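What's counted below: heavy atoms across the whole structure, side chains too, no hydrogens, waters or symmetry copies. Because the structure is predicted, anything quoted here is derived from the model rather than measured.
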Amino acid sequence: MARYAGLTGVPDESGKKRRERGLAKSGNARVRRGMLQLAWGFLVHQPDSVLAKRYRARTADARGVTRKTMIVALARKLLIALWRLATTGEMPEGLAIRAAA
């Protein structure tokens with residue numbers, strides 16, 4: 001799922017050196033942008049969830065580059081959590097869902 005959305009890293013291997021070059025842009029751009037917007041909204045509307053608390057703990061004293069990297073990681077984890085919710089019914093820990101009116 002994350003590969004389809006383009007939320008995975010791009011490996012850069014040269015000889016013995018192995019590192020990540022950044023975010024893969026080979027996935028669906030609309031899904032990627034939507035997931036990043038969803039991740040920012042998730043931080044605002046689900047502050048007590050485990051994923052939001054982990055993001056805030058990792059970026060408490062971080063610069064903008066680290067926050068940007070971590071929001072992509074949050075979007076990837078959120079995509080996986082929503083996929084599990086849709087397929088198996090497994091609710092992400094700490095997620096508050098309101099009943100439909």
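Residues Lys53 and Pro47 come closest through the heavy atom pair CG-O, 3.9 Å. When all heavy atoms of Ala39 and Leu74 are compared, the pair lying nearest together is O-CD2, 3.8 Å.
With hydrogens and angles disregarded, no donor-acceptor distance shorter than 3.5 Å links the side chain of Arg84 to the backbone of Pro92.
Side-chain contact between Arg56 and Leu43: present, with at least one pair of heavy atoms (C-beta onward) separated by less than 4.5 Å.
In this structure, CD1 on Ile80 lies 14.0 Å from CG on Leu85, to the nearest 0.5 angstrom.
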For the pair Ile71 and Thr59, evaluate side-chain contact (heavy atoms from CB on, under 4.5 Å) and give the outcome as yes or no after the intermediate values.
-> CA-CA 10 Å; Ile71 199 69; Thr59 60; over 6 Å; no
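With respect to Arg76, the side-chain contact (heavy atoms from CB on, under 4.5 Å) criterion is satisfied by exactly one of Val72, Leu79, Leu78: Val72.
Under a hydrophobic clustering in which Ile, Leu, Val, Met, Phe, Trp and Tyr are joined whenever their side-chain heavy atoms come within less than 4.5 Å, directly or via other members, Phe42 and Val50 fall into different clusters.
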